[in-house]
Protein chains: 4
Amino acid sequence: MLRAADDLLMDVGFQAMTVGAIAERADVAKQTIYRWWRSKVDILLDVLEEDLRDPSFWPELPHHPHAALERYVTHVGTVFTESPTGRVLFVLIGHALHDPATATALRGEVLRPQRQYDRARIQAALPSRPGGAASRHHADQLLDLVVGAAFHRAFMTGRPLDTRFVRQLAGAVLALRDGVPPPGAPFPAPSV
Amino acid sequence: MLRAADDLLMDVGFQAMTVGAIAERADVAKQTIYRWWRSKVDILLDVLEEDLRDPSFWPELPHHPHAALERYVTHVGTVFTESPTGRVLFVLIGHALHDPATATALRGEVLRPQRQYDRARIQAALPSRPGGAASRHHADQLLDLVVGAAFHRAFMTGRPLDTRFVRQLAGAVLALRDGVPPPGAPFPAPSV
Amino acid sequence: MLRAADDLLMDVGFQAMTVGAIAERADVAKQTIYRWWRSKVDILLDVLEEDLRDPSFWPELPHHPHAALERYVTHVGTVFTESPTGRVLFVLIGHALHDPATATALRGEVLRPQRQYDRARIQAALPSRPGGAASRHHADQLLDLVVGAAFHRAFMTGRPLDTRFVRQLAGAVLALRDGVPPPGAPFPAPSV
Amino acid sequence: MLRAADDLLMDVGFQAMTVGAIAERADVAKQTIYRWWRSKVDILLDVLEEDLRDPSFWPELPHHPHAALERYVTHVGTVFTESPTGRVLFVLIGHALHDPATATALRGEVLRPQRQYDRARIQAALPSRPGGAASRHHADQLLDLVVGAAFHRAFMTGRPLDTRFVRQLAGAVLALRDGVPPPGAPFPAPSV
DNA sequence: TTATAACCGAGACGGTACGTCGCGTCTTAGT
DNA sequence: ACTAAGACGCGACGTACCGTCTCGGTTATAA
């Protein structure tokens with residue numbers, strides 16, 4: 001059923017992804033869907049959780065800090081702009097902007113756990129100083145900037161998160177971490 | 001009628017802001033609304049344009065670069081989290097995430113003109129180098145980072161864009177501009 | 001729409017005469033039906049009222065008392081067993097036996113007015129005594145017996161109200177009126 | 001389970017007497033009900049059969065013909081208007097008016113056997129002529145008229161089958177049997 | 001000064017999806 | 001083997017809005 005919802009979302013969009021259509025595609029009665037989820041948004045929350053829980057979804061990060069960060073940003077960009085998972089995430093954020101209850105659920109069930117996972121990976125890959133892991137605080141700061149910029153570019157502008165964007169963004173935040181001038185152009189290209 | 005739509009949005013939320021309800025609140029027939037707008041989303045686009053076009057909406061920026069940026073970020077934060085205008089903007093972004101046509105209209109009618117306006121103000125306030133205005137490119141880069149981070153914090157986390165956040169964010173992007181270590185903690189506090 | 005409901009009732013029966021089906025057959029939206037009637041039973045009440053209000057529905061009664069009564073009973077029998085109107089009436093009585101509200105509505109909107117009409121016709125056709133019209137009381141008594149017996153035979157037994165039945169029933173109640181022995185066999189044939 | 005169905009019918013009416021509710025009230029699984037009956041109508045048929053089979057249900061009839069008939073009519077009236085048994089019977093007749101299969105079952109399993117029983121009692125109580133039992137034919141005729149009138153008054157009018165009604169009805173049909181004028185007013189009072 | 005047209009309120013309408021209810025069938029554990 | 005528990009496919013329910021469509025009634029101009 002999760003699969004049916006996901007497929008429908010990709011095929012016909014959110015508005016046309018009615019509960020009845022999901023039921024038909026999944027060869028299931030509408031009531032059966034309502035027995036397990038309270039709305040189609042709840043279904044998408046489960047789709048997203050399942051996608052994100054899959055360990056194979058996450059690439060292994062290189063040991064070198066700069067390469068690790070670029071790898072991470074690249075992956076975030078790909079997910080945002082090219083994967084069904086990103087589509088689901090965007091739709092859910094869209095609905096959360098209409099409905100505070102969805103916002104609470106999305107943060108509690110998806111964004112918060114995901115942040116914990118990401119933070120741990122970043123801490124492991126990016127030592128705060130030679131020989132030590134990054135502090136929780138530093139990792140969070142870095143993620144906020146990176147995810148904020150990536151989201152902004154992908155959502156607000158619809159422009160691709162291409163290699164140039166990734167390199168500049170990674171360079172900028174690493175420079176901030178190290179307190180040195182960023183290499184080359186300091187920021188990603190203008191977006192809107 | 002724009003006013004009725006705005007009020008309803010604040011009072012009952014986007015889902016309950018039906019065209020019929022707007023008509024009733026504005027003491028107008030439904031058909032009259034459809035004569036002027038194609039959907040309730042179109043109405044909100046007009047509400048937003050009208051809000052943003054009002055010059056009194058925008059604070060004057062100090063001449064000192066650092067103070068100007070903090071003032072700008074503070075204002076963006078206030079609009080995002082506390083104003084009806086921000087609520088309308090968020091709802092429209094939410095709808096744009098469901099419907100590409102809305103996304104196109106939102107970018108073309110609101111985001112792009114707004115970016116031009118913001119860019120000009122930032123260029124005027126933040127000289128790229130002593131004695132000159134900031135280049136268009138630099139201003140855009142800076143705005144992308146600032147708006148991305150502010151949006152991320154306000155939407156994705158629901159946490160307030162408080163003074164500490166504003167100061168750290170402004171400090172970080174100025175440091176990037178100048179190629180110097182950011183003062184104190186380099187980034188805003190972790191958010192999710 | 002009344003016509004659509006009636007046709008459907010005859011074609012597919014009461015259970016399958018859903019509101020959706022009526023709407024489809026009448027080329028009308030379901031909501032339009034609910035705008036005017038509260039249930040399919042209410043529709044049938046209107047169908048019945050309209051049928052019964054039609055003056056051409058009622059045969060003219062001969063002046064001779066005995067012939068008039070036989071004519072009346074024959075007509076009641078035909079309506080009960082062979083007409084769409086009778087089918088509607090039976091279905092409504094059936095529903096009234098499930099639901100007191102329907103019973104009240106059926107009596108108030110159909111049975112009571114109909115009785116007034118029938119009573120007037122019987123009074124005109126059957127003088128209580130030579131030279132005078134039948135009293136309201138006598139006419140009612142007669143109708144109760146006649147309609148009771150006809151309904152019982154048609155509903156409870158499903159047997160036809162044939163000529164023999166009609167003649168015996170008319171003869172019996174007239175004999176009661178006149179205080180004389182009924183001609184031939186006194187009652188209709190056994191029925192269950 | 002029959003008891004649970006009967007109780008529910010009296011408490012909440014026919015529509016709300018769902019199979020699920022019966023199962024819950026009888027502390028039984030729904031499937032267990034379907035193992036023994038094909039529908040809730042079948043259950044009611046069994047309830048009715050069981051009620052009517054109970055010999056204590058039937059009053060002993062006096063030997064005097066007139067008193068016997070009044071006693072019988074009184075009992076029929078009480079059953080129709082005041083007993084759970086009458087309620088079940090009415091509901092089943094109601095359903096039979098919607099569904100021919102129910103009508104067939106009701107006649108075959110309840111009405112016909114019941115008529116045999118009643119006929120025998122009437123034949124025993126009402127000699128056709130001095131010294132002999134009533135013929136089967138006469139007893140049936142009498143029962144048709146009596147039951148028809150009682151049913152009509154109870155169902156179609158909702159008025160009580162009171163003492164005056166009973167006395168007049170019994171008097172009228174006995175007068176018909178004997179070919180003499182009925183005592184006093186010949187028919188029951190007008191009913192609709 | 002009247003006629004005539006444009007616009008408006010009111011709200012019925014054909015549709016689509018909603019979320020709920022009850023049906024009768026089925027599968028699963030537990031006696 | 002039979003039970004309770006209850007999920008399931010199915011289909012109808014009655015409701016909410018959608019966007020379209022007549023209607024009269026009132027301005028607002030043109031004859």
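Residue numbers begin at 1 in each chain, while the letters A, B, ... track the order of the sequences.
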Only pairs under 3.5 Å count here: list side-chain donor-acceptor contacts from residues 17-25 of chain C, not counting sequence neighbours, and write none if there are none.
residue, atom, partner, partner atom, Å
C:Thr18, OG1, C:Ala21, N, 3.0
C:Arg25, NH2, C:Asp11, OD2, 3.1

Return a table of donor-acceptor pairs under 3.5 angstrom between the side chains of residues 93-105 of chain B and protein atoms on other chains or two or more places apart.
residue, atom, partner, partner atom, Å
B:His95, ND1, B:Thr102, OG1, 3.1
B:His98, NE2, A:Val91, O, 3.1
B:His98, NE2, A:His95, N, 3.4
B:Asp99, OD1, B:Ala101, N, 3.0
B:Asp99, OD2, B:Thr102, OG1, 2.9
B:Thr104, OG1, B:Pro100, O, 3.1

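For D:Phe151, the ring-ring contact (aromatic ring centres under 6.0 Å, His included) test picks out C:Phe151, D:Phe90, D:Phe155, with sequence neighbours left out. Evaluation of the side chain to side chain donor-acceptor pair (under 3.5 Å) rule for A:Asp27 yields no partner, not counting sequence neighbours. The side chain to side chain donor-acceptor pair (under 3.5 Å) test applied to A:Arg3 returns A:Asp7, not counting sequence neighbours. Residues that satisfy the ring-ring contact (aromatic ring centres under 6.0 Å, His included) test with C:Phe57, not counting sequence neighbours, are C:His75. Take D:Asp42 and apply the side chain to side chain donor-acceptor pair (under 3.5 Å) test, not counting sequence neighbours, and it matches no residue.
The nearest whole Å value for the distance from the CD atom in A:Glu24 to the C1' atom in F:dC8 is 17 Å. Regarding B:Trp37, its CH2 atom lies at a distance of 15 Å from the P atom of F:dC18, rounded to whole Å. Atom-to-atom, CD1 of D:Ile33 to C1' of F:dC2 comes out at 16 Å; the value is rounded to the nearest Å. Between A:Tyr34 atom OH and E:dG22 atom P the separation is 18 Å, expressed in whole Å.
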At a cut-off of 3.5 Å, list every protein nitrogen or oxygen paired with a nitrogen or oxygen from nucleotides 29-31 of chain E, distance to 0.1 Å.
none

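Considering only heavy atoms from C-beta on, D:Leu2 comes within 4.5 Å of D:Glu50 through its side chain. Using a 4.5 Å cut-off on side-chain heavy atoms (C-beta onward), D:Phe14 and D:Leu44 make contact. Between B:Phe80 and B:Leu89, the closest side-chain pair of non-hydrogen atoms falls below 4.5 Å.
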Letter by letter from the 5' end, nucleotides 4-12 of chain E scores (B base, S sugar-phosphate only, - none; protein heavy atoms under 4.0 Å) ----BBB-S
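Contacts between residues 7-22 of chain C and DNA chain E, defined by a heavy-atom separation under 4.0 Å, are absent.
C:Gly108 approaches C:Pro113 most closely through the heavy-atom pair O-CD, 3.4 Å.
Of the options A:Leu92, A:Ile43, A:Leu111, a side chain to side chain contact (heavy atoms under 4.5 Å, CB included) to A:Leu48 is made by A:Leu92 and by none of the others.
Each salt bridge (Lys or Arg N to Asp or Glu O under 4.0 Å) pair with one or both residues in residues 83-94 of chain A, not counting sequence neighbours, would appear here, but there are none.
Rounded to 10 degrees, the angle separating the terminal helix axes of the helix from E:dT1-F:dA31 to E:dT31-F:dA1, each built from five base pairs, is 0°.
Between B:Lys40 and C:Arg38, the residue anchored closer to the 5' end of DNA chain F is C:Arg38, taking for each the nucleotide with the nearest heavy atom.
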